[in-house]
Amino acid sequence: MFRVTVHRAIVAALANRDPAAAASAAAAHIARSERWLSATRPPVTEDAAKDPA
């Protein structure tokens with residue numbers, strides 16, 4: 001449910017023409033997404049880094 005809430009916050013800030021609030025909400029969303037990816041993705045091995053396929 002957090003994703004819906006944060007997306008609504010971004011859209012509301014844009015609708016209110018509040019660039020600071022939009023940037024803040026977007027940055028919070030990106031930071032949370034980065035933390036989630038770091039916590040859930042498998043570790044990158046040397047072989048995987050060489051061959052992305």
Q | R32/V6 under side-chain contact (heavy atoms from CB on, under 4.5 Å): CA gap, chis, key distance, verdict | A | CA-CA 10 Å; R32 183 176 172 102; V6 75; over 6 Å; no
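Looking at every heavy atom in both residues, I10 comes nearest to A25 through CG1-CB, 3.6 Å.
Among residues two or more places apart in sequence or in another chain, the side-chain contact (heavy atoms from CB on, under 4.5 Å) test is passed with A21 by A13, D18.
Side-chain heavy-atom separations under 4.5 angstrom define the hydrophobic clusters, and the remaining members of the one that includes W36 are L37. The hydrophobic side chain of V11 is isolated, with no ILVMFWY side chain under 4.5 Å apart from it.
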